[in-house]
Structures are given as structure tokens and as C-alpha cells.
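This report concerns only the one structure given below.
As the structure is a prediction and not an experimental result, all values here were calculated from the model. Naming convention: chains lettered A, B, ... in sequence-line order (proteins, then strands); numbering from 1 in each chain.
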2 protein chains.
Amino acid sequence: MSTAQVAPETRLARPKRADARRNYEKILNVAREAFAEGGESTALEEIARRAGVGIGTLYRHFPSRQALLEALYVNEVEEVCRSAQQLDGADPWEALSEWFERLIGYLATKRALAGELLNYLDLDAPLFQECRTSLYAAGAPLLKRGQDAGVVRPDVEFLEVMHMVVGIAKIPTTDPGQIEHILRIALDGLRYRAEG
Amino acid sequence: MSTAQVAPETRLARPKRADARRNYEKILNVAREAFAEGGESTALEEIARRAGVGIGTLYRHFPSRQALLEALYVNEVEEVCRSAQQLDGADPWEALSEWFERLIGYLATKRALAGELLNYLDLDAPLFQECRTSLYAAGAPLLKRGQDAGVVRPDVEFLEVMHMVVGIAKIPTTDPGQIEHILRIALDGLRYRAEG
DNA sequence: AACTATATGGAGGCAGCCTCCGTTTGTCAA
DNA sequence: TTGACAAACGGAGGCTGCCTCCATATAGTT
């Protein structure tokens, strides 16, 4: 995860050539756009064309459709993690539900991307392990604070809650208000209440 | 929906020929299996081959991959609807949550199928309208009973709740216990409580 | 048995995935 | 600068899967 900010090849011995790096970024950007517009099934050749590179170049950088999607996925996750850090100060319950609301809103704008991406979840791929770790580091403290403050039920795991929220975000409906409503219902179930 | 039980062609003027009907069923059965095994992306030619028919035949019965998936979808929905009717007698809250639990369990066994199917939700397709109507007829009474009995919060719509539950069912995890747990959290949010 | 509407199956056109390799280009040392 | 070479490029081409079309076969009818 952290490596993606510094350019992915830093981990390798030799640095990439300048043109290679440029193309890498270009493809990534174009792909993000293209997938958002035309859905995850957009032809890779179309993406290559739009990026002004040959299909061979695309494939050298991203050996498969999957690889390209994963690279995008990493960016998405990063952005979500970042947004958690701005909520440190607020009321514990507010902070948590605010984060989830942002998460939902964020996923909504990227429905095609994020939604489809998550279907690729090969749950044991190291990439996703890494992402889960990052998400955990970003969001779990928010949950813990809520639990410590007694406003969140204690018998839930962070990842469970994440899954729930993401599941809700992916609900196919044209009305975003409905999703928010469903989220509110679900979060109500998360609140701690004396009678258990 | 109702037509699908009586053989789908009843709605047309002339009845299908016997061989046609046989092939129709054969393809449907093989497709269900194949999709369950190999995921939704199984080649249609593979399915035709397994069913012992030509690809042309498959395409006459199901003019597109989508059409085939939809035909399967209808069956799934029917089964779920049927299961709602066995719960008429029980305690209102029990009946509702039991239905959802069954629904989840059912979807779990058909993850590949049901999960992928729902991604095809073209929300305005008449087929889905019809399915929604059926689901509504089957499940809404359960919800209403709960609301009338004061055990379910009154500010929720049936379809919202359905979406929520299905969203949870689709969560990608290898541990089914986790899904059940998440469902329980979400249903807790559905319960009515005095303080609102 | 003959007739015809209905159904069959697979060849073939098309599109997208991915590989391979001859050509180009950035980089670096002299 | 220039030369040399590893690195990167790009697109032709093979492959597979989607779907159409139509010559052929057959169930059902008279």
C-alpha cells in the first residue's frame, strides 16, 4: 500500500525508464475514467488506444485485466483510508457513522469501478491482505473508540462492519437516498443499547 | 412469474413442440449446474455442448446470455417466495427474521449464480418488475405484520429491507458465520424501540 | 404417407484477450 | 557527443467466445 504512493517500482532494484513510468500513469488514469464511464467491461484495447499506447505496452505494465483493476483498487482504498484520519476529533459515534457515510458516498460515485472491483476479490491474494490491513489501521480505531465510549455494541469486529457497509453500498438502486436510509437502519443495529 | 410454473410458453398462442420443450429444460438445467460450478462466465458453447444441443439451439431459446441468466433468476425468486408462505403462523419477528435467514442461506448455496445474477439487475426490465412484485407479495406481509405488532420500526419499506439483506448475502467472505452475524446486526437495526 | 410449421446445429463473421517479436528509444559510459 | 545496449514500445496475429444465419431435419397434423 505505502509503496503505491512512491511509485510502485521503488521496490525493485532498477528504476523504470522515464517513458515507462509516464505510460504507466497514463494508462492508470485513462483506465479509471474509462471504467467509470463504460463499466468494467470496457475493452482493454480501447483503453490502450485512449491512452495513446499500444496494446502490448498496456499488457507489459498490467499483465492482465485483473492486474489493472487491482492497481486501481489500491488507489481507491488509499483514498478511503485517508478520509478516516480527518475524523479523529469528533464525537465517537459521529466520527464512525460519518466515515461510513463518506465511504458510501465515495463508492457511489465510483459504482462501476468500486462495485465491480470488489467482485474480483480473490480473498487470499496478498494485495487484498495488504488493503485489508490498511483499511483496518484506518477504520478500526474509529470503531474501537465507539466501543470504548459505550456507544457501539461490543460484539462486532471491524471487518464485519466494513463488509456490511460495503455490501450496502453495492446495492443496485437508482435512488441514492434509499442507500443512505438502509445504511442508517444498519448502523442503528450497531449502536449499543443496555438491554443488549 | 406465475407463468413460469406452468411452462413459459403457455402465454403464446401455439404450444412448443415436444423436442423444443425438452431442449429448453435441458439447457436450463445444465446452465444452472455449469454456472454454479464455473462461475457466471462459463462459455455458452460449453453449456450447449454439455446439454447436447447446438449453439444455435441454445440461442433460439435464450437469445442472449442475459436471457438465460434471467430465466434462471426467475426460478430462484420463485423458490424464495415459496419459502415465505410456510412462515405465516409464527411469531411476527421470528417469521420475518427466519425468512431472511433462509434467504441468506439459500443465496449462500448459489453464490455464484445468485450473486452474479443480481449484478445484471437492469432495474427497469419488465422481468425484474415482475419478480419484485412477487417478492413483494411474498415478503411484505411478513414485514407488515411485524410493524403492526410493534416489533419492527415503522419507517422502513419492504424493498429497502430486501435490498439490505441481499446486499449482505453478497458479501464476499469465506466464513458463512460472519454473514449471519452481520445479518443479525442489521436486523437489530430493524427492530422497533421506544426511543426511536 | 405426405406436408409444413417448427426446430435443429454448426459454419462463419466479429470482437476482445493476450503473446510474441521486430523496431524504437532512453540512458549511461567513454 | 556519440555509440551501444538494455528497456520499452506497438501492433500483427492466434485464440476463444459471442451471436447470426440458413440449409437441413423432424414433430405433429391431416
Side-chain angles (χ1 to χ4, degrees), chain A residues 7-31 33-35 37-72 112 116-117 119-120 122, chain B residues 7-31 33-35 37-72 112 116-117 119-120 122:
Chain A
E9 63 280 11
T10 327
R11 58 182 90 160
L12 293 165
R14 329 225 158 222
K16 267 186 191 165
R17 251 167 55 174
D19 54 344
R21 184 188 307 233
R22 244 179 300 130
N23 280 334
Y24 179 91
E25 298 295 343
K26 191 91 188 273
I27 292 170
L28 220 46
N29 289 332
V30 167
E33 269 181 48
F35 284 143
E37 281 173 30
E40 171 270 342
S41 61
T42 307
L44 294 189
E45 326 230 40
E46 164 72 13
I47 290 172
R49 210 177 46 64
R50 281 212 227 176
V53 305
I55 185 65
T57 299
L58 189 151
Y59 271 95
R60 196 160 346 79
H61 286 299
F62 307 98
S64 69
R65 166 179 287 281
Q66 174 95 352
L68 178 53
L69 286 168
E70 285 177 359
L72 289 169
E116 306 284 355
L117 276 175
N119 292 330
Y120 272 84
D122 171 356
Chain B
E9 64 280 11
T10 328
R11 58 181 89 162
L12 293 166
R14 329 228 157 220
K16 267 186 191 164
R17 249 166 56 173
D19 54 345
R21 185 188 307 232
R22 244 179 300 131
N23 279 334
Y24 179 92
E25 298 296 342
K26 192 91 190 274
I27 292 169
L28 220 46
N29 289 332
V30 168
E33 268 181 51
F35 284 143
E37 280 173 33
E40 174 269 342
S41 61
T42 307
L44 293 189
E45 328 232 37
E46 164 73 10
I47 290 171
R49 211 176 46 65
R50 280 212 227 175
V53 304
I55 184 68
T57 299
L58 188 153
Y59 270 95
R60 196 163 344 83
H61 288 299
F62 307 99
S64 69
R65 167 183 221 77
Q66 173 97 352
L68 178 53
L69 286 167
E70 285 178 0
L72 290 169
E116 306 284 354
L117 276 175
N119 291 331
Y120 270 84
D122 170 355

Closest to the [X] side chain: [options]?
X	options	value
B:A43	D:dC18, D:dA8, C:dT8	D:dC18
A:N23	D:dC18, C:dC18, D:dC9	D:dC9
B:D19	D:dC9, D:dA27, C:dC18	D:dA27
A:R17	D:dC18, D:dC9, D:dA6	D:dA6
B:Y59	D:dT20, C:dG9, C:dC17	D:dT20
A:R65	D:dC18, C:dC18, D:dA8	C:dC18
A:V53	D:dG10, C:dC18, C:dA7	D:dG10
A:T57	D:dC9, D:dG28, C:dT19	D:dC9

Problem set entry | B:H61 side-chain N/O to C:dA7 phosphate OP1/OP2 under 4.0 Å | no

Heavy-atom nearest nucleotide on DNA chain C taken for A:I55 and for A:R60; more 5' hit belongs to A:I55

Comparing A:G56 with A:L44, nearest DNA chain C nucleotide closer to 5' gives the residue A:L44

What is the distance, rounded to the nearest whole Å, between atom [atom1] of [X] and atom [atom2] of [N]?
X	N	atom1	atom2	value
A:E46	C:dA15	CD	C1'	13 Å
A:F62	D:dA8	CZ	P	13 Å
B:E45	C:dG9	CD	C1'	12 Å
A:I47	C:dG16	CD1	C1'	12 Å
A:K26	D:dA8	NZ	P	18 Å
A:Q66	C:dG16	CD	C1'	17 Å
B:L68	D:dC18	CG	P	11 Å
B:R49	C:dT8	CZ	P	19 Å

Gap between atom [atom2] of [Y] and atom [atom1] of [X] - 0.5 Å precision:
X	Y	atom1	atom2	answer
A:L72	A:N29	CG	CG	9.0 Å
B:Y24	B:L58	OH	CG	11.5 Å
A:I47	A:I27	CD1	CD1	9.0 Å

Practice prompt. Answer yes or no: is there a donor N or O on one side and an acceptor on the other, between the side chain of A:R65 and the main chain of A:E40, under 3.5 Å?
Written response: yes

Heavy-atom nearest nucleotide on DNA chain D taken for B:P63 and for B:A18; more 5' hit belongs to B:P63

NZ/NE/NH1/NH2 to OD/OE distance under 4.0 Å, B:R50 and B:E46 = yes

